[in-house]
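Mind looking over this structure? Questions follow.
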There are 4 protein chains.
Amino acid sequence: MPRVYPEYKTEAKSRILRASLQAFSEKGYDGTTMNDVAKRLGVSKGALYLYFKSKGELFKEICELGPQILVKIMFTSFKDGDLLENAETFFNMMLEQSVWTPNLSFEILSESSRNPTLKKMVKQNYDKTLNTVRAFLEEQKRKGVLKRDLETHQLAMGLVALFDGLMASLLIGTGEAEAKQAWNQTVKAMLHGTLTRASP
Amino acid sequence: MPRVYPEYKTEAKSRILRASLQAFSEKGYDGTTMNDVAKRLGVSKGALYLYFKSKGELFKEICELGPQILVKIMFTSFKDGDLLENAETFFNMMLEQSVWTPNLSFEILSESSRNPTLKKMVKQNYDKTLNTVRAFLEEQKRKGVLKRDLETHQLAMGLVALFDGLMASLLIGTGEAEAKQAWNQTVKAMLHGTLTRASP
Amino acid sequence: MPRVYPEYKTEAKSRILRASLQAFSEKGYDGTTMNDVAKRLGVSKGALYLYFKSKGELFKEICELGPQILVKIMFTSFKDGDLLENAETFFNMMLEQSVWTPNLSFEILSESSRNPTLKKMVKQNYDKTLNTVRAFLEEQKRKGVLKRDLETHQLAMGLVALFDGLMASLLIGTGEAEAKQAWNQTVKAMLHGTLTRASP
Amino acid sequence: MPRVYPEYKTEAKSRILRASLQAFSEKGYDGTTMNDVAKRLGVSKGALYLYFKSKGELFKEICELGPQILVKIMFTSFKDGDLLENAETFFNMMLEQSVWTPNLSFEILSESSRNPTLKKMVKQNYDKTLNTVRAFLEEQKRKGVLKRDLETHQLAMGLVALFDGLMASLLIGTGEAEAKQAWNQTVKAMLHGTLTRASP
DNA sequence: GATGAATGAGCGTTCATTCAT
DNA sequence: AATGAATGAACGCTCATTCAT
């Protein structure tokens with residue numbers, strides 16, 4: 001650990017973030033001790049406090065990592081072309097990335113319900129995601145792919161919810177393959193409908 | 001607090017359950033102390049242990065309350081008639097019931113990822129719900145309302161995920177009205193599709 | 001449990017004593033809870049306090065049972081006849097009686113070191129035992145069986161200590177047969193000596 | 001309290017051991033709280049857990065101190081020369097050493113009857129002591145001091161039991177002088193016998 | 001910059017004892 | 001006489017945080 005160049009601090013922080021992300025992911029916020037994190041890094045407990053004011057602060061910074069990954073994958077998977085294929089690619093990529101875990105998402109959700117600062121952050125990220133999805137849907141409307149009268153905001157919410165809900169199901173033991181199929185079929189239903197011609 | 005009649009013990013348990021449900025809902029599992037629960041009831045900590053072996057046991061019993069409510073509402077809202085209307089009724093009733101909170105659901109989810117017993121319980125409840133929804137969809141297929149070739153299992157997963165995801169969005173500040181609309185519009189999309197005729 | 005005749009209270013007490021003797025013997029003083037004792041009797045915790053002021057009081061009364069057994073066996077085993085045989089009989093009978101356990105003796109010893117009342121009681125019982133043994137030895141002196149110049153008080157202490165020490169060894173896993181042999185051989189040594197003629 | 005030098009941790013441990021030895025000796029295992037020990041050292045409860053995993057672990061380490069003292073004294077007191085004198089020296093030295101107390105021995109005995117790990121430890125120490133004593137007796141046999149046909153194992157048990165029993169008597173108030181005399185006279189009896197020539 | 005010993009507040013849990021019934 | 005729900009004080013143990021080194 002050389003200490004000469006100024007990026008040192010930044011790098012040290014990011015190493016701590018990586019280690020604690022794993023810890024929080026495995027043991028939850030309350031279940032993770034500062035000692036856990038320190039041990040993963042082979043560092044003393046006190047050292048963590050040189051870079052983060054408190055456990056809460058550390059967690060907060062971690063919360064910011066999730067959306068970054070999401071956004072990146074969203075932008076690489078949704079391009080021109082078949083909507084269903086894009087959606088499938090997105091879901092697969094989200095499952096394949098190894099940094100973030102659904103555990104963490106729900107850990108943050110749980111925590112944010114008691115922590116206003118966290119809540120605001122989570123809300124902002126949620127809205128940003130929503131807008132991205134919505135903009136994409138709007139574009140498809142303009143292109144004539146999707147129906148003119150669709151409520152894109154609400155459909156965006158539905159898509160995000162569907163995704164989040166499937167992540168939750170993974171947590172309780174649903175297999176990844178099963179979740180993928182559910183995602184694909186549901187998105188397909190949202191595109192083509194499920195009613196017979198005869199239905200009103 | 002008379003202690004003569006035999007239902008006393010049962011009632012005492014249920015009073016503790018109500019109080020701790022609130023506590024867990026507000027502060028989460030780790031954030032809730034047995035003292036919190038006791039104080040809400042104006043009772044000593046020790047008294048709780050007359051009715052529940054441990055904090056974990058108490059939480060486990062609470063976890064069983066959620067699915068009961070869900071099932072009841074599911075059965076009263078999905079009857080013959082318009083699918084969309086049934087879905088809307090279901091969502092409204094879930095929001096109106098005052099016993100359960102989404103917080104609690106995600107608290108349980110978080111906790112279950114580290115507690116195998118809990119996980120098994122949650123998984124069983126999830127599967128039960130899934131089967132109920134699926135059976136309903138199958139029935140609609142038989143009746144000719146839904147298309148013949150639908151993958152009802154996966155659509156059921158999708159519907160449950162959609163619902164769960166919207167509950168999550170409520171937690172981070174989405175308004176109930178907004179969530180309702182998202183639910184309605186997404187379910188509608190799943191029924192009628194969103195593509196224009198021209199799309200493939 | 002009829003409550004008419006006056007011996008009722010006495011019998012109830014003795015039933016409690018029997019049950020708690022077992023409990024204390026198995027789990028020690030601190031390890032035994034009033035609930036343990038109550039459950040063994042199929043009785044409520046409160047009932048115990050009708051007959052004994054406190055856990056300590058209950059224990060104290062138990063402490064009085066041990067010496068009674070000891071004295072009885074001492075008097076039946078030491079009669080005229082061979083000293084060594086008498087000693088052997090005594091040891092065997094002590095091992096065969098099933099009421100008292102060595103555990104209890106040392107539990108009492110431990111407890112008495114912090115409880116002056118208990119200590120005084122234990123001391124009195126010890127002295128009584130000592131005097132009995134001593135009187136027996138004195139008689140043997142008078143009869144010409146034992147040497148004239150023996151310090152009977154100190155030999156009595158030695159004998160009692162030998163016995164107590166062997167009880168202790170039973171507690172840590174020494175077999176009963178082994179302990180019996182040790183007792184017999186040591187008493188024999190105390191009678192006949194162990195030195196060769198040549199020794200001074 | 002400098003914390004620089006490496007022996008610091010070792011010394012801290014031994015300071016805790018000393019303090020808790022006293023505490024356990026005075027109040028017994030259950031009667032001693034971690035707070036007691038901490039207060040004796042003017043230290044916080046938590047500090048103890050930096051050096052010992054649990055109260056039980058702390059006690060276990062203390063249990064290992066007793067035999068060390070015993071063995072040391074045994075080896076310094078039993079040399080060539082008069083057996084009776086050696087025995088006397090041994091007993092005096094055991095009484096004079098100030099580290100260990102008989103209380104502690106019996107506290108351990110009590111505890112070990114419910115704690116298998118402890119029991120095994122105590123048994124091993126007992127056997128080691130026994131073997132040492134036995135080896136000494138065997139040597140005396142070989143030298144022609146003691147009779148050829150003596151059962152040294154059983155006599156060793158008898159001697160250890162005698163010692164243990166006298167330690168017990170000290171606990172209930174027997175004076176040290178009295179105990180010494182009892183020890184000396186009993187050992188003497190074991191050497192020279194107590195029967196008159198005329199006895200069979 | 002880094003350590004790790006120390007703190008102190010707090011947690012889950014137990015249990016002898018009481019007392020309304 | 002008997003119950004058993006309730007108490008309250010205490011215990012073993014943990015951990016985020018601090019600070020002398």
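Reminder, nothing fancy here: chain letters follow the sequence lines and each chain counts from 1.
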- Donor/acceptor link under 3.5 angstrom from A:Lys45 side chain onto base of F:dT17: yes

- Calculate the interatomic distance between B:Lys9 atom NZ and F:dT3 atom C1'; express it in whole Å. 12 Å

- Item | Proximal nucleotide (of F:dA1, F:dC13, F:dA5) relative to the D:Tyr49 side chain |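 The answer is F:dC13.
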
- Item | Member of D:Pro67, D:Ser105, D:Cys63, D:Ser112 meeting the side-chain contact (heavy atoms from CB on, under 4.5 Å) criterion with D:Val122 |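 Among the candidates, only D:Ser112 passes.
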
- Message: I want to verify a distance call: between F:dA5, E:dT7, F:dC11, whose nearest atom is closest to the D:Val43 side chain?
- Response: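 Of the options given, the side chain of D:Val43 lies nearest E:dT7.
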
- Would you find a donor on one side and an acceptor on the other, under 3.5 Å apart, between the side chain of A:Thr33 and the backbone of A:Asp36? yes

- Output yes when B:Glu11 and B:Arg18 qualify as a salt bridge under the 4.0 Å nitrogen-oxygen rule, no when they do not.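 No, B:Glu11 and B:Arg18 are not salt-bridged.
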
- Message: Rounded to whole Å, how long is the line connecting atom CG of C:Leu50 with atom C1' of E:dT21?
- Response: 14 Å

- Quick one: does D:Val99's side chain get under 4.5 Å of D:Leu65's, heavy atoms only?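 No; the side chains remain at least 4.5 Å from each other.
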
- Message: Using a heavy-atom cut-off of 4.0 Å across all strands, would you classify A:Lys55 as base, sugar-phosphate, or nothing?
- Response: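 Sugar-phosphate: the residue A:Lys55, judged by heavy atoms under 4.0 Å, touches backbone atoms but no base.
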
- Side chain of A:Ser44, backbone of A:Ala47: donor and acceptor closer than 3.5 Å? yes

- On the 0 to 90° scale, with breaks at 30° and 60°, tag the D:Phe59-D:Phe24 ring pair as parallel, tilted or perpendicular. perpendicular

- Message: Tell me the interatomic distance from D:Asn35, atom CG, to E:dA6, atom P, rounded to whole angstroms.
- Response: 17 Å

- Position toward the 5' end of DNA chain E (nearest nucleotide), C:Gly56 or D:Gly46: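 Residue closer to the 5' terminus by nearest nucleotide: D:Gly46.
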
- Message: Looking only at the side chain of D:Ser54 (C-beta and beyond, no hydrogens), which of the listed nucleotides E:dT7, F:dC13, F:dT3 gets closest?
- Response: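 For D:Ser54, the side-chain atoms sit closest to F:dC13.
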
- Message: Please report the distance, rounded to the nearest Å, between OH in D:Tyr29 and P in F:dC11.
- Response: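 Spelled out: OH on D:Tyr29 to P on F:dC11 is 13 Å.
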
- Message: Output the rounded distance in Å from CE (A:Met34) to P (E:dG4).
- Response: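 After rounding, the gap between these two atoms is 16 Å.
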
- Output field dot_bracket for DNA chain F (Watson-Crick or G-U, both distances under 3.5 Å, | for other-strand pairs) contains .||||||||||||||||||||

- Interatomic distance, A:Asp36 CG vs F:dA16 P [rounded to whole Å]: 8 Å

- Check whether more than 12 heavy atoms from other residues, nucleotides or ligands sit under 6.0 Å from atom NZ of B:Lys27, and answer yes or no. no

- Task: Could you state the atom-to-atom distance from CD of A:Glu11 to P of E:dG1 in whole Å?
- Result: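 Whole-Å distance recorded here is 15 Å.
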
- Message: By the 4.0 Å heavy-atom rule, please label B:Ser44 as base, sugar-phosphate, or nothing.
- Response: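 Touches a base.
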
- Heavy-atom nearest nucleotide on DNA chain F taken for A:Thr33 and for B:Tyr51; more 5' hit belongs to B:Tyr51

- Message: If I take atom CD in residue C:Glu57 and atom C1' in nucleotide E:dA16, what distance separates them, rounded to the nearest angstrom?
- Response: 14 Å

- Task: Quick one: label B:Phe52 by what it contacts on the DNA or RNA (base, sugar-phosphate, nothing), any heavy atom closer than 4.0 Å.
- Result: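 B:Phe52: no heavy atom of the nucleic acid under 4.0 Å.
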
